[in-house]
Amino acid sequence: NAGVTQTPKFQVLKTGQSMTLQCAQDMNHNSMYWYRQDPGMGLRLIYYSASEGTTDKGEVPNGYNVSRLNKREFSLRLESAAPSQTSVYFCASASDRRGYEQYFGPGTRLTVT
Amino acid sequence: QKEVEQNSGPLSVPEGAIASLNCTYSDRGSQSFFWYRQYSGKSPELIMSIYSNGDKEDGRFTAQLNKASQYVSLLIRDSQPSDSATYLCAVHGQNFVFGPGTRLSVLP
């Protein structure tokens, strides 16, 4: 099992450009999450999906959109990147049968210039 | 906004000692509590989950939960240099909230 995979690993964007971060899990989990991690700020929830076909905002959703394409895949889109979106982005998945223990992907390091 | 607080550290302990990491949370409705370890440049790795009051042991790790005091702790016995990392406390109530993390340094 690969667990949770994310692409790309690194990305540099110019202000105003758009991009989509991809996430996939092979653990048959219902719930998936997108976080950003900034120095001194910890992990902050951007969006989550409790099941296929549903998405909800987290703590910091502004400037982002998400799509739960199917049970395996959950993508995060930046429509018009801003320097404030420079961060490390983590995707995670969890099973409600295991108390929502979250398992994380390797992360995407995004720089917006 | 529901909060999770941790001492930022760094917490330094000698090799072989017990490291004690603490976490408090504000959402009284929280039901699930987790400790993650994160090495520099890597993703968080789940090390312990606890759901009811009391202690839960797994190898050198013991998680302690006191819902009345809204307090979760993690003890690491016989600390090793490889335990040097940032430890994140996470609480699942209305939503998933992570604390800022405590940096642990185990000195050889």
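Note that the structure is a prediction, hence the values are computed from the model and not measured. Just so we're on the same page: letters track the sequence lines, and every chain starts at 1.
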Task: Per-residue contacts, residues 106-113 of chain A versus chain B, heavy atoms under 4.5 Å - done: A/Pro106, A/Arg109

- [ ] Write down the atom of A/Tyr33, the atom of A/Ser31, and the distance for their closest heavy-atom approach.
- [x] OH-CB, 3.5 Å

- [ ] Indicate whether any N or O donor in one side chain lies under 3.5 Å from an N or O acceptor in the other, for A/Gln102 and A/Tyr100.
- [x] no

Task: B/Arg37 with B/Glu45: basic N within carboxylate O range, under 4.0 Å - done: yes

Open item on the list: Quick check on A/Phe90 against chain B: is it the side chain, the backbone, both or neither that has a heavy atom closer than 4.5 Å?
Closed with: side chain

Anything under 3.5 Å between a donor and an acceptor, one on a side chain of residues 36-44 of chain A, the other on a protein residue two or more places apart or in another chain? List them.
| unit_1 | atom_1 | unit_2 | atom_2 | d |
| --- | --- | --- | --- | --- |
| A/Arg36 | NE | A/Asp38 | OD2 | 2.9 |
| A/Arg36 | NH1 | A/Tyr64 | OH | 2.9 |
| A/Arg36 | NH1 | A/Ser84 | O | 3.3 |
| A/Arg36 | NH2 | A/Asp38 | OD1 | 3.1 |
| A/Arg36 | NH2 | A/Asp38 | OD2 | 3.3 |
| A/Arg36 | NH2 | A/Ser84 | O | 2.8 |
| A/Gln37 | OE1 | B/Gln38 | NE2 | 2.9 |
| A/Gln37 | NE2 | B/Gln38 | OE1 | 2.9 |
| A/Asp38 | OD1 | A/Ser87 | OG | 2.7 |
| A/Asp38 | OD2 | A/Arg44 | NH2 | 2.8 |

Open item on the list: Please enumerate all residues that pass side-chain hydrogen bond (donor to acceptor under 3.5 Å, both in side chains) together with A/Glu79, with sequence neighbours excluded.
Closed with: A/Arg77

- [ ] Only counting residues at least two apart or in another chain, list the ones meeting side chain to side chain contact (heavy atoms under 4.5 Å, CB included) with A/Thr7.
- [x] A/Gln22

